[in-house]
Amino acid sequence: MFIKPLAAKIFAKIVHHQNQKWISEPVKTQQKVFQQLIHQAQNTSFGKDHHFESIKNHHDFCQKVPVKDYEGLKPYVDRVVSGESDVLWIGKPLYFAKTSGTTSGAKYIPLTKESMPYHIQAARNAILSYIHETGKADFVNGKMIFLQGSPELVEKNGVKLGRLSGIVAHFVPKYLQQNRMPSWETNCIEDWETKVNAIVEETLPENMTVISGIPSWVQMYFEKIHEKMGKKVAQVFKNFNLFIYGGVNFEPYRAKFEQLIGRRVDSIELFPASEGFFAYQDSQKAEGLLLLLNSGIFYEFIKTDEFYTENPKRHTIGEVQLGVDYVLIISTNAGLWAYNIGDTVRFTSLKPYRVVVSGRIKHYISAFGEHVIGKEVEEALKEAMQDTHVVVNEFTVAPQITPSEGLPYHEWFIEFEKEPENLQVFIEKLDLSMRKQNIYYDDLISGNVLRKLVVTKVNKNGFQEYMKSIGKLGGQNKLPRLSNDRKIANALLK
């Protein structure tokens, strides 16, 4: 046995035992995190405005700090972005993670010196949990690839700004630097297709053992390898045995992955976001991801079917139940307070606390990690209609992950009252506007992961017939503007 696998197993065992301390005392751990957060932030602008000095328990917190999304917290974030100190958290953040916009364009999520280490620690511990459970550690002798955004950062009022994956690249531990791929120069390439081609060239001669990234991006990388070599990935990388992913549901991709790889490989699922690293798969046998209760994040959970009611109950970790969908609310050591990140989770285990991501509280498309929201598709359609004199009765959008030919795409089902004179011109305008609305969608098109959107005409009253068929015609029932699956799409196609 090489020294590195042996050292990795010893380290994995140590970290496993360290984790058992907080895993065995979940409620106490969360109470401690809560008290630390309130104490540290009581002299910030947000802490003073919300009387943190008088908050003694969760009930007080609920009374004084209402649940907010980014828009609700934006006045404070804007002050931080403008360079002000001690607004949401002590001092200034180390970084801003720039993410896809909502109603106000791009979002700037603060990352602080207190929060940043947990992003790195969680990713490391996910791999160590795998080593401890399976005893497999030989992969540490090989090369590991992390498909991510450019690590090049810009500065905004003295704070560095970039995408989370690019920021994290600056924190790769020294003991992984020699094993890590691609090279820094290749990682800095902005054009995704050029970047993937460069990664293929760099990695082909190497002993690749771990590959990590959003499934749609990794699939493109695998396809490029197959195209160049005429072989399955497992024939090119004989020791590739571990795939690490997050951001989207892997299941729709699994069959395609196994076909491209040529065999099944172990996988580790992560639940990271710019707002925090919430959970990771700690077992190959148990369902769900271990919720990280000691990572500077205080969690609250609101039942999804109560979320839009007046004053819904905010549950703490000791009050959750199995099999119930909850909206995830977080307060963090980066200065997010009672913050709704939009994700919903369902507990699969209470000893330890494990979750699966069950969806979004609002309708969305994120089959490829793009997180397209309702406002973006509505704005894009509005812009496309302005110059083409088109009138639309109703529409909905769904992803097509497995087309019969060509690249995947977003399919727009539109019932026109007045059709465009030139459908192709209309599609061009619509697609261009979507790319302007959502930077991740633009990346996917630029990188040839997705092709241009497709418009499918719906017969007159087609949407009404669909709503009638599911017993939701009229009243307060609304057709979802977008879906992350093809349930509505397939019904419309029939």
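Remark: Arg354 engages Asp282 in a salt bridge, criterion side-chain N to carboxylate O under 4.0 Å. A salt bridge links Asp443 with Arg163: the distance from a Lys NZ or Arg NE/NH1/NH2 to an Asp or Glu carboxylate oxygen falls below 4.0 Å. Checked for salt-bridge contact, Glu394 and Arg481 meet the test: a charged N lies under 4.0 Å from a carboxylate O. Using a 4.0 Å cut-off between charged side-chain N and carboxylate O, Asp138 and Lys4 make no salt bridge. Between Glu155 and Lys160, no side-chain nitrogen of the basic residue sits less than 4.0 Å from a carboxylate oxygen of the acidic one, so the salt-bridge criterion is not met.
A donor-acceptor pair under 3.5 Å is formed between the side chain of Lys9 and the backbone N or O of Gly135. Between the Lys232 side chain and the Gln259 main chain, a donor and an acceptor come within less than 3.5 Å of each other. No donor-acceptor pair closer than 3.5 Å links the side chain of Asp431 to the backbone N or O of Ile427. Judged purely by atom type and a 3.5 angstrom limit, Glu411 has no side-chain atom pairing as donor or acceptor with the backbone of Leu453. A donor-acceptor contact shorter than 3.5 Å is absent between the side chain of His315 and the backbone of Ile302. The closest donor-acceptor contact from the side chain of Asn484 to the backbone of Ser366 lies under 3.5 Å. Between the Ser331 side chain and the Phe298 main chain, no donor and acceptor come within less than 3.5 Å of each other. Side-chain atoms of Glu206 do not come within 3.5 Å of backbone N or O of Met208 as any donor-acceptor pair. Within the 3.5 Å criterion, the main-chain N or O of Asn333 finds a donor-acceptor partner in the side chain of Thr112.
Note that the CD atom of Glu287 and the OG atom of Ser349 stand 10.0 Å from one another [nearest 0.5 Å]. Atom OG of Ser212 and atom OH of Tyr245 lie 11.5 Å apart (nearest 0.5 Å). In this structure, NZ on Lys113 lies 15.0 Å from CE on Met116, to the nearest 0.5 angstrom. To the nearest 0.5 angstrom, Asp485 atom CG is 10.0 Å from Ile365 atom CD1.
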Going through the distances and angles, do Asp442 and Lys436 end up as a salt bridge (charged side-chain N to carboxylate O under 4.0 Å, His left out)?
-> CA-CA 7 Å; Asp442 184 49; Lys436 188 171 68 176; over 6 Å; no
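Taking the six-membered ring where the residue is Trp, Tyr299 and Phe301 present parallel rings, their angle staying beneath 30° rather than reaching 60°.
Taking a 6.0 Å sphere around NZ of Lys224, one finds it holds more than 12 heavy atoms contributed by other residues, nucleotides or ligands. Annotation: Asn490, atom CG; neighbour count of heavy atoms from other residues, nucleotides and ligands within 6.0 Å is above 12.
Aromatic rings of Phe222 and Phe257 (six-membered ring for Trp) have centroids within the 6.0 Å cut-off, being under it. The six-membered or imidazole ring of Tyr118 lies away from that of Phe277, with a centre-to-centre distance of 6.0 Å or more.
Nearest heavy atom pair, residue Phe347 against residue Gln321, reads CB-O, 3.9 Å. Of all heavy-atom pairs between Pro403 and Arg451, the closest is CB-NH2, 4.4 Å. In terms of heavy-atom proximity, Phe368 sits nearest to Pro408 at CZ-CB, 3.4 Å.
Remark: of the listed residues Lys452, Glu370, Gln400, Glu370 is the sole one forming a side chain to side chain donor-acceptor pair (under 3.5 Å) with His410. Tested against Thr186 for a side chain to side chain donor-acceptor pair (under 3.5 Å), the candidates Lys195, Glu201, Glu202 yield a single pass: Glu202.
Side chains of Phe96 and Lys107 form no contact here, defined as non-hydrogen atoms less than 4.5 Å apart.
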